[in-house]
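Data first, discussion second: the structure below is written as structure tokens.
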Amino acid sequence: MLPAIVFPFHDADGLMFAHLETITPQLKELFAQAFVSISPLTQQTQMERINQLKADEFFRLNFNEPNTMIGDHFLAVYQNAVTHSSPEKMLHLCTIDRVVFALQSEHKEQFVTDIKGASNEDVPVLFQRSQAAWETHPRNYREIEHLAIRAGEILFNQSLDFVWCHLVIQSGQLKEILPHVKHHDLRVVVEMILLLKDKLQTKEVDWLAWEDPFIFSRDLDEMKAEFENSRQEDRKRLQYTIASLQLLFESIQ
């Protein structure tokens, strides 16, 4: 039985729709269905392309109310997938930009092998960025997110990528934890790992290399240097990482 792919989708300018269209034939070979959570701004600006997805039975869409947060969009699509899947159905919770990159890069063969293997596991599988994958990321991105990873090693004696990009889990297992996820921002993904950490199998993969240069057709070194010299990027990463650290510390009180 093929698994389902599950992801939030924010694309106000249509760039990711073009990428999604390119990989859709490959997605249909790997997955039985795609559950997609459309952000309010995407719904407002990309209705023609949304209608194209709606016309394809492979895609099952949900829409989000204005002023909802990113965590709400994650939770809405997870709930949609759980509602319309049998308990034993394997769900690949992911971010579509990472999948776009993996399927159109030198990592494609390994990506396909890994996701097929994870779909046969009885426990949740968390794909984590390998050292090689992390080295492709801007230094500030890498070092700031590693603050949470290091805290997890200290607190739980586990190396966990709390702001994860790809988690494979049975629908029934996901249904059990969703009522316990309380936040509405990116801390949703941290909460999920905290709820699952004693059951998780982790696998480090190179195909979670930094995807942005491919997505935006930019030179890797040039874009990397731009991010490393961006105070805005520092603030962005620190904001959710500090919130994540607080959540980790609260979980042991």
Side-chain angles (χ1 to χ4, degrees), residues 1-11 16-17 19-21 23-43 46-66 68-100 102-103 111-112 114-127 164-184 186 188-189 191-193 195-196 199-200:
M1 180 171 60
L2 287 176
I5 187 170
V6 185
F7 55 91
F9 196 75
H10 176 72
D11 186 29
M16 284 305 302
F17 272 105
H19 284 299
L20 178 59
E21 183 177 356
I23 68 164
T24 291
Q26 296 175 77
L27 294 182
K28 289 181 177 180
E29 293 177 358
L30 296 169
F31 301 101
Q33 193 162 45
F35 293 93
V36 185
S37 186
I38 305 294
S39 74
L41 186 58
T42 304
Q43 183 179 3
Q46 300 293 325
M47 204 60 219
E48 181 177 346
R49 279 178 150 161
I50 289 171
N51 286 334
Q52 291 173 358
L53 293 186
K54 289 172 70 174
D56 187 336
E57 292 183 353
F58 177 71
F59 295 100
R60 186 183 288 270
L61 310 184
N62 71 270
F63 297 92
N64 295 277
E65 294 296 324
T68 48
M69 300 175 67
I70 185 172
D72 296 315
H73 306 165
F74 278 77
L75 292 175
V77 75
Y78 297 163
Q79 186 59 58
N80 193 29
V82 164
T83 300
H84 295 96
S85 301
S86 60
E88 67 275 9
K89 184 78 166 181
M90 299 304 296
L91 305 177
H92 284 248
L93 316 183
C94 60
T95 56
I96 192 60
D97 50 352
R98 298 279 182 170
V99 176
V100 163
L103 283 174
F111 171 76
V112 171
D114 286 340
I115 65 170
K116 286 182 176 179
S119 295
N120 295 322
E121 297 290 343
D122 293 329
V123 297
V125 177
L126 176 66
F127 287 112
W164 49 271
C165 307
H166 201 122
L167 173 67
V168 186
I169 187 171
Q170 289 184 344
S171 174
Q173 294 169 329
L174 180 59
K175 183 178 181 180
E176 287 181 8
I177 69 168
L178 284 180
H180 304 288
V181 179
K182 304 302 181 186
H183 288 87
H184 300 272
L186 200 55
V188 160
V189 297
E191 283 188 278
M192 290 175 66
I193 297 305
L195 290 164
L196 292 168
K199 305 174 183 177
L200 278 176

Which atoms form the tightest heavy-atom contact between [X] and [Y], and what is the distance?
{"X": "Ser85", "Y": "Leu91", "value": "OG-CD2, 3.9 Å"}
{"X": "Lys175", "Y": "Val82", "value": "CB-CG1, 3.5 Å"}
{"X": "Ser171", "Y": "Ser86", "value": "CB-O, 3.2 Å"}

Are [X] and [Y] close enough that some pair of their side-chain heavy atoms sits under 4.5 Å apart?
{"X": "Lys89", "Y": "Met1", "answer": "yes"}
{"X": "Leu27", "Y": "Leu20", "answer": "yes"}
{"X": "Phe127", "Y": "Val168", "answer": "yes"}
{"X": "His184", "Y": "Thr68", "answer": "no"}
{"X": "Val181", "Y": "Leu195", "answer": "yes"}
{"X": "Val36", "Y": "Ile5", "answer": "no"}
{"X": "Met16", "Y": "Ile96", "answer": "yes"}
{"X": "Val112", "Y": "Leu103", "answer": "yes"}

Return yes if a side-chain donor-acceptor contact under 3.5 Å exists between His10 and His73, otherwise no.
->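 Side-chain D/A pair, His10 to His73: absent.
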Any side-chain donor near an acceptor of the partner, Asn62 and Ser37, under 3.5 Å |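 The answer is yes; a qualifying pair exists.
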Walk me through it: do Phe111 and Val99 pass the test side chain to side chain contact (heavy atoms under 4.5 Å, CB included)?
-> CA-CA 9 Å; Phe111 171 76; Val99 176; 4.0 Å; yes
Point-to-point distance, once rounded to the nearest 0.5 Å, from [atom1] of [X] to [atom2] of [Y]:
{"X": "Lys116", "Y": "Leu2", "atom1": "NZ", "atom2": "CG", "value": "9.0 Å"}
{"X": "Leu75", "Y": "Leu178", "atom1": "CG", "atom2": "CG", "value": "6.5 Å"}
{"X": "Leu174", "Y": "Gln170", "atom1": "CG", "atom2": "CD", "value": "11.0 Å"}
{"X": "Gln46", "Y": "Gln52", "atom1": "CD", "atom2": "CD", "value": "10.0 Å"}
{"X": "Ile177", "Y": "Ile193", "atom1": "CD1", "atom2": "CD1", "value": "8.0 Å"}
{"X": "Tyr78", "Y": "Ile169", "atom1": "OH", "atom2": "CD1", "value": "10.0 Å"}

Does any N or O in the side chain of [X] come within less than 3.5 Å of the main-chain N or O of [Y], such that one atom is a donor and the other an acceptor?
{"X": "Trp164", "Y": "Leu126", "answer": "no"}
{"X": "Asp56", "Y": "Leu53", "answer": "no"}
{"X": "Asp11", "Y": "Phe17", "answer": "yes"}
{"X": "Ser119", "Y": "Ile115", "answer": "yes"}
{"X": "Gln173", "Y": "Asp122", "answer": "yes"}
{"X": "Gln79", "Y": "Ala76", "answer": "no"}

Applying side chain to side chain contact (heavy atoms under 4.5 Å, CB included), run through Leu61 and Phe35 and close with a yes or a no.
-> CA-CA 6 Å; Leu61 310 184; Phe35 293 93; over 6 Å; no
Passes side-chain hydrogen bond (donor to acceptor under 3.5 Å, both in side chains), His180 versus Glu191? Steps please.
-> CA-CA 8 Å; His180 304 288; Glu191 283 188 278; over 6 Å; no
Heavy-atom count around Lys28 NZ within 6.0 Å, excluding the residue itself: above 12?
->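 Enclosed.
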Given the side-chain rings of Phe31 and Phe58, with only the six-membered ring counted for Trp, is the space between their centroids under 6.0 Å?
->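 Ring centres of Phe58 and Phe31 not closer than 6.0 Å.
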Show your working on side chain to side chain contact (heavy atoms under 4.5 Å, CB included) between His92 and Leu167 and close with a plain yes or no.
-> CA-CA 6 Å; His92 284 248; Leu167 173 67; over 6 Å; no
